Amino acid sequence: MMQKAKHIPVMLQEVLEYLNPQDGEIYVDATFGNGGYSEAILKSASCKVIAIDRDPTVLPRVQELKNAFGERFDFRQGTFGSIKELINQGINGVVFDIGVSSMQLDQAERGFSFSKDAPLDMRMSCEGETAADIVNNTSEKDLADLIYKYGEERKSRQIAAKIVEYRKKQAISTTKELAEIIYSVIHKTPNAIDPATRTFQALRIAVNNELGELESGLKGALDLCLPKGRIVVVSFHSLEDRIVKTFFRENTGKNVHVSRYRKDVNPQDDGFSLAECSKAIVPSQKELETNIRSRSAKLRYAIKK
């Protein structure tokens, strides 16, 4: 028997609604994580799902879905930015859930969360350069630019200066060490966002090349999608959402809302690849009350010509 998923997929009902799975079709879950989207898609129609994830720790969950759904479920290990290299067939739709997964946040030893003291790692693939490598080896200017660009942190230069001052004495190796350095620049205040949030976000994005992967993944998904194929993206901060919005707009020539009741589109031959794209869709009030991870989520989707 397949065990119950531990984490609630964000905006699951909206993902199913806008992906609109149909019997006999092929869909890609480009960010498998704990398999919530994959499982729900497979249950919603007699279709096939190909899942992608770079994180080797998801493999036990992959096996659960293989046992439950047999040949209807397939898995490819790798980054979703390499979707075209991992999947060499036409697909009817793809869903992306961008950012760190709940499982990764809950695994303290992965170093994603400043609320848990752990090695400063943050690698989704468990391979390559770590966050500790970046904070200990990057120049002060480049570190400040990185924190500002990816974290949108206004005090990036002061934080970078404190990091460089600290590492002259000893290497920064844990999440707690880095968080305390940040708190020396921005003090904690009740009921406010934790001051370490933006810097940790910036490092995570840099370690995993998340924005570059998103751009590559969107391009690859568009190429793989068959006519009327759907691309659904759930993102969690403005940098990701801006990339998705821009990509959809550039490939439709417009940014208009797609009616949920309109199942077919009749695009004109105007040189664009997408027929239509949606505006940002936010979680329902009910979900906001029951699923804390959904509070910053935005969903956008588009339909290929």
Side-chain angles (χ1 to χ4, degrees), residues 8-21 26-38 40-41 49-54 78-84 86-87 91-102 124 150 201 204-205 208-226 228-252 254-258 260 265 272-284 287 291 293-305:
I8 306 170
V10 171
M11 298 186 74
L12 177 59
Q13 295 308 312
E14 290 86 349
V15 166
L16 292 175
E17 178 177 358
Y18 298 120
L19 191 64
N20 192 28
I26 300 172
Y27 300 92
V28 174
D29 180 355
T31 48
F32 177 74
N34 198 48
Y37 290 153
S38 289
I41 294 166
V49 169
I50 303 172
I52 297 172
D53 206 299
R54 70 172 83 178
T79 64
F80 59 73
S82 302
I83 188 171
K84 280 191 70 177
L86 295 170
I87 299 172
I91 60 175
N92 301 101
V94 56
V95 58
F96 296 86
D97 177 4
I98 308 303
V100 65
S101 74
S102 299
M124 292 180 180
Y150 295 145
Q201 171 188 293
R204 192 201 76 221
I205 288 173
N208 298 290
N209 186 30
E210 290 180 35
L211 301 186
E213 291 291 335
L214 177 56
E215 291 175 344
S216 298
L218 290 171
K219 291 174 184 175
L222 181 56
D223 288 345
L224 288 174
C225 273
L226 297 167
K228 297 186 181 180
R230 295 180 174 225
I231 302 173
V232 180
V233 187
V234 179
S235 61
F236 293 89
H237 63 73
S238 60
L239 294 175
E240 300 164 346
D241 183 59
R242 194 177 306 140
I243 289 173
V244 179
K245 178 181 178 180
T246 301
F247 180 81
F248 284 172
R249 185 178 63 239
E250 289 178 346
N251 284 282
T252 57
K254 53 190 173 181
N255 189 29
V256 296
H257 180 64
V258 182
R260 68 180 66 189
V265 293
F272 294 103
S273 301
L274 293 171
E276 296 188 48
C277 62
S278 74
K279 293 181 180 179
I281 299 161
V282 297
S284 66
E287 178 163 7
N291 188 4
R293 187 173 176 249
S294 71
R295 62 188 176 185
S296 60
K298 289 183 179 179
L299 181 151
R300 293 182 188 268
Y301 80 104
I303 303 173
K304 188 171 180 178
K305 288 185 176 180

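Note that this is a predicted model, so its numbers are computed, not measured. Positions are given from 1, in the same order as the sequence printed here.
For the salt bridge (charged side-chain N to carboxylate O under 4.0 Å, His left out) test, residues two or more places apart in sequence or in another chain that qualify with Lys84 are Asp223. Looking at residues two or more places apart in sequence or on another chain, you find a salt bridge (charged side-chain N to carboxylate O under 4.0 Å, His left out) between Arg242 and Glu152.
Using a 4.5 Å cut-off on side-chain heavy atoms (C-beta onward), Val233 and Phe247 make no contact. A heavy-atom distance below 4.5 Å is not found between the side chains of Met11 and Lys298. The side-chain heavy atoms of Lys219 and Ile83, taken from C-beta on, include no pair separated by under 4.5 Å. Looking at Leu224 and Val28, their side chains never come closer than 4.5 Å, going by heavy atoms from C-beta outward.
Nearest heavy-atom pair across Gly36 and Leu12 is O-CD1, 4.3 Å. Heavy atoms only, all atoms of each residue included: Val49 and Ser38 are closest at CG1-OG, 3.7 Å. What you find for Val94 and Leu19 is that their closest heavy atoms are N-CD1, 3.7 Å. The nearest pair of heavy atoms linking Leu274 to Ala302 is CD1-CB, 3.8 Å. Of all non-hydrogen atoms in Met124 and Glu210, the two that sit nearest each other are CE-OE2, 3.4 Å.
For Arg293 and Phe236, the positive end sits near the middle of the six-membered ring, less than 6.0 Å away and at most 45° from its axis.
Here the side chain of Asn92 pairs no donor or acceptor atom with the backbone of Tyr27 at under 3.5 angstrom. The closest donor-acceptor contact from the side chain of Glu213 to the backbone of Asn208 lies at 3.5 Å or more, if one exists at all. Ser294 places no side-chain N or O within donor-acceptor distance of the main-chain N or O of Ala297, the cut-off being under 3.5 Å. Remark: side-chain polar atoms of Gln201 are paired, donor with acceptor, to backbone N or O of Tyr150 under 3.5 angstrom. A distance-only check finds no donor-acceptor pair linking the side chain of Thr31 to the backbone of Ile98 [under 3.5 Å].
Note that CD of Glu276 is 10.5 Å distant from NZ of Lys305, once rounded to the nearest 0.5 Å. Rounding to the nearest 0.5 Å places CD1 of Ile231 at 6.5 Å from CG of Leu218. In this structure, NZ in Lys228 is found 14.0 Å from NZ in Lys304, a value given to the nearest 0.5 Å. Distance check: Asp97 CG to Phe32 CZ gives 12.5 Å after rounding to the nearest 0.5 Å. We find the CG-OG1 distance between Asn251 and Thr246 to be 11.0 Å, quoted to the nearest 0.5 Å. Remark: Glu240 CD to Ile205 CD1 distance equals 6.0 Å, nearest 0.5 Å.
With respect to Tyr301, the ring pair (Phe, Tyr, Trp, His ring centres under 6.0 Å) criterion is satisfied by exactly one of Phe248, Phe96, Tyr18: Tyr18.
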Next item on the list: Apply the test side-chain contact (heavy atoms from CB on, under 4.5 Å) to residues Ile26 and Ile87: give CA-CA distance (whole Å), side-chain angles for both, the deciding distance (0.1 Å), then the verdict.
Entry: CA-CA 11 Å; Ile26 300 172; Ile87 299 172; over 6 Å; no

